[in-house]
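Both ligands and their constituent atoms are indexed starting at 1 by order of listing.
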Amino acid sequence: MISNFIKTIMEEDLASGKHSEIITRFPPEPNAFLHIGHARAIVTNFELAKCFNGKTILRFDDTNPAKEEKRFMDAIINDIAWLGYTPYKVTFGSDYFDDDYAFAINLIKEGKAYVDDLTKDEMREYRGTLDTPGKESPYRNRSVEENLKLFEEMKEGKFDEGEKTLRVKIDMKSSNLNMRDPAIYRIIKKPHPHTGDKWNIYPLYDYAHPLQDAEEYITHSLCSLEYVEHRPLYDWVIENTKPMSVPRQIEFGRLNIEGTILSKRYLKELVESKLVDDYDDPRMPTLVGLKRRGFTPESIKEFVLSTGLSRINSEIPLNVLDHFLMDDLKLKNVRRMAVLNPLKVTITNYDEGKVEYLDFPNNLENEELGSRKISFSKHLYIEKEDFVEVKPNNKYKRLSLGAEVRLMGAYFIKANEVIKDENGEVVEVLCTYDKETLSGSGFNARKPQGTIQYVDASTAKKAEFRLFDTLIKNDANPDDELKDKFNPDSKQVVYGFVENCYEWEPEFKSQLMRNGYYSNDYDSKEDHIIVNRTVSLKQSFK
Ligand code: ATP
Ligand code: MG
């Protein structure tokens, strides 16, 4: 259940009778894929409305015709559905262009808006700085008639881009730079995907957004912290246009995650510079990337809800999200055995050609997931890192010469001898097994040194494992260029084996025992299994 300062405000507004229903909106600009930072905004808006049986509208902020793309809209709709939410309706900022225009005409008639001829650079100069007051534009006192005529001509396309803007008359000496006669319309001579070539002028965000909120009867307009400084303008627009309802803007802290970048611009740059494969590269913090990597919508939602909302931006350590994935899948997922860096093991006292199928539960902590038959024979693979010739100390829990370990779900084996290649590297371990020690047979007189996983070489399937690390280098300097911040070791591909029962299908998820949580890649095929590591057990226990 969601609980935060915004919910408290909503409760008060319902109790006081200010509102009878809660209506929120999620207003993405369809110019990129959504990232997990957006998930904070999505979950917050939908969950808060849900608390009060309210509504959440998905509104595409498409007031700038230069940036929008259909594929981004489709992706946003899919991402929201993937998170488990259904918008009450889907709208477009451009749906309100006529009204935005009508309100602007009124502002001109009331002497509150004027057409300015200052160029962009001049306007910046006139605006002043935090330390110096701004100067009024020489065009500020044009008559209402002249302003109406010029604005009409802007709309009809008589002027070029940049030649004129419509500004509202507020206060050039305001300590808030956003209040120094902000522009509310500029000329853009591009057809718009929804309104075609009807308009040569487009409203700016700070003017259009509050009006859109008002027209949709949004009660609480939630946005991230960088809009605090824009709130006075938001309120000014509402007070001075007197639209159909009075929405309230409330800001919350942005989500940041260590080791990655939550900014559309940079994510776009990563894709365009081909540092990553695409927006759904499993290293990306995009929702499509997290999905491909194996994260579940439940884990992302829980992550957002549990990390909470505050009025300050927060930076969350990377492994917090991992924790929620493990929490979600620990009992839900089947467990499987895999060997990523294989080392041959031969059981010298086991008959050549014999294969046994041993019953093994799919999840030791959840009987409901049933069991499977794991094969066992004379030739096995174990992880290279699960063997050393001489054990370093008594804490060592894996295989070493002269010692015994249990193979998961199977027998105790004892390492007796190694075979080395010409470089002196161990390529095979010769072991003996004790057939009285079958897992679950009740025999427990000796304690093995440890328990390790294995796969049977006669039935194991080859697999490609894709292991991921942080997108951004640990020691990256915030001022570095993106290409220098990028971690070149963020993806590593290793080849190994999965057990005979392993499922090859894309998106199949399992816990690979003693290793981590994995999900098959979209490109996984029966004859070429590709497994993405979602979360490493080893890392997160560090
Ligand atoms: P970016 O800064 O990545 O370009 P944006 O804020 O420009 O993102 P929008 O499409 O405008 O992207 O975002 C839609 C909503 O998502 C906004 O209300 C914004 O405040 C919110 N949002 C974006 N990033 C985050 C974040 N990291 N944490 C919380 N909310 C976010
Ligand atoms: Mg934005």
Side-chain angles (χ1 to χ4, degrees), residues 2 4-6 23-49 56-64 66-69 71-77 79-80 83 85 87 90-94 204-206 208-210 212-213 216 218 220-231 234 247-272 279 284-290 300-301 303-316 318 320-321 471-472 482:
I2 193 161
N4 56 48
F5 69 97
I6 302 176
I23 308 178
T24 61
R25 89 289 170 263
F26 175 63
E29 208 180 331
N31 60 351
F33 282 75
L34 299 181
H35 51 64
I36 189 166
H38 293 109
R40 173 179 274 188
I42 295 170
V43 171
T44 302
N45 277 296
F46 278 92
E47 291 294 331
L48 282 170
T56 302
I57 293 172
L58 168 61
R59 184 200 309 140
F60 287 112
D61 171 16
D62 63 347
T63 42
N64 183 348
K67 289 198 196 157
E68 168 191 341
E69 271 183 52
R71 66 176 181 131
F72 294 135
M73 286 193 197
D74 294 343
I76 289 169
I77 289 174
D79 283 343
I80 293 173
L83 287 175
Y85 299 115
V90 179
T91 63
F92 294 87
S94 57
L204 279 128
Y205 181 88
D206 280 341
H209 199 81
Q212 293 157 8
D213 285 344
E216 292 181 345
I218 303 300
H220 301 82
S221 175
L222 315 183
C223 59
S224 39
L225 217 53
E226 68 270 24
Y227 292 101
V228 170
E229 289 284 299
H230 297 250
R231 193 184 340 130
Y234 184 100
R248 170 173 173 189
Q249 174 179 310
I250 304 172
E251 309 83 17
F252 58 82
R254 275 181 96 85
L255 171 69
N256 294 303
I257 298 183
E258 281 173 9
T260 191
I261 301 189
L262 300 185
S263 156
K264 287 179 185 173
R265 187 159 68 84
Y266 289 116
L267 297 179
K268 203 173 192 132
E269 199 181 322
L270 284 169
V271 172
E272 281 167 6
Y279 282 101
M284 292 283 269
T286 50
L287 294 175
V288 286
L290 291 165
I300 292 174
K301 258 158 84 167
F303 167 76
V304 169
L305 291 172
S306 306
T307 49
L309 262 201
S310 73
R311 289 176 220 246
I312 49 167
N313 294 331
S314 55
E315 167 127 317
I316 311 274
L318 191 65
V320 175
L321 180 59
L471 199 53
I472 301 302
L482 189 60

Practice problem: Could you name the option among Leu262, Asn256, Leu255 that has the heavy atom nearest to atom 27 (N) of ligand 1? | Solution: Leu255
Quiz item: Which ligand 1 atoms, with their elements, are less than 4.0 angstrom from a heavy-atom of Ser263?
Solution: 3 (O)
Quiz item: Against heavy atoms of His38, which atoms of ligand 1 measure under 4.0 Å?
Solution: 8 (O), 9 (P), 10 (O), 12 (O), 13 (O), 14 (C), 16 (O), 22 (N), 23 (C)
Quiz item: By number and element, which atoms of ligand 1 are closer than 4.0 Å to a non-hydrogen atom of Pro28?
Solution: 10 (O), 14 (C)
Quiz item: Would you say ligand 1 has an N or O under 3.5 Å from any N or O of Ser224?
Solution: yes
Quiz item: Using 4.0 Å as the upper bound for N to carboxylate O, is an ion pair formed by Glu216 and Arg59?
Solution: yes
Quiz item: Taking the six-membered ring for Trp, is the centroid-to-centroid distance between Phe60 and Phe72 below 6.0 Å?
Solution: no
Practice problem: Considering only NZ, NE, NH1 and NH2 on the basic side and carboxylate oxygens on the acidic side, decide whether Asp213 and Arg248 come within less than 4.0 Å. | Solution: no
Quiz item: Under 4.0 Å from any heavy atom of Ala41, which atoms of ligand 1 are there?
Solution: 16 (O), 21 (C)
Quiz item: Does Tyr227, backbone or side chain, put an N or O under 3.5 Å from an N or O of ligand 1?
Solution: no
Quiz item: Between His230 and Tyr234, is the gap from one ring center to the other below 6.0 Å?
Solution: no
Quiz item: With a 4.0 Å cut-off on heavy atoms, is Phe26 touching ligand 1?
Solution: yes
Practice problem: Say whether Arg40, considering both its backbone and side-chain N or O atoms, lies within less than 3.5 Å of an N or O atom on ligand 1. | Solution: no
Self-check item: From Pro27, Ala39, Gly37 - option closest to atom 31 (C) of ligand 1 by heavy atom
Solution: Gly37
Practice problem: Find the distance between NE2 (His38) and CZ (Phe26) and round it off to the nearest 0.5 Å. | Solution: 5.5 Å
Quiz prompt | Separation between CG of Asn256 and CG of Leu262, rounded to the nearest 0.5 Å | solution = 6.0 Å
Quiz item: Do any nitrogen or oxygen atoms of Glu226 lie less than 3.5 angstrom from nitrogen or oxygen atoms of ligand 1?
Solution: no
Exercise. Report yes if Arg265 has an N/O atom closer than 3.5 Å to an N/O atom of ligand 1; otherwise report no.
Key: no
Self-check item: Closest non-hydrogen atom pair between Gly253 and Arg40, with its separation
Solution: O-NH1, 2.8 Å
Self-check item: From OG1 (Thr56) to CG (Leu48), nearest 0.5 Å
Solution: 8.5 Å
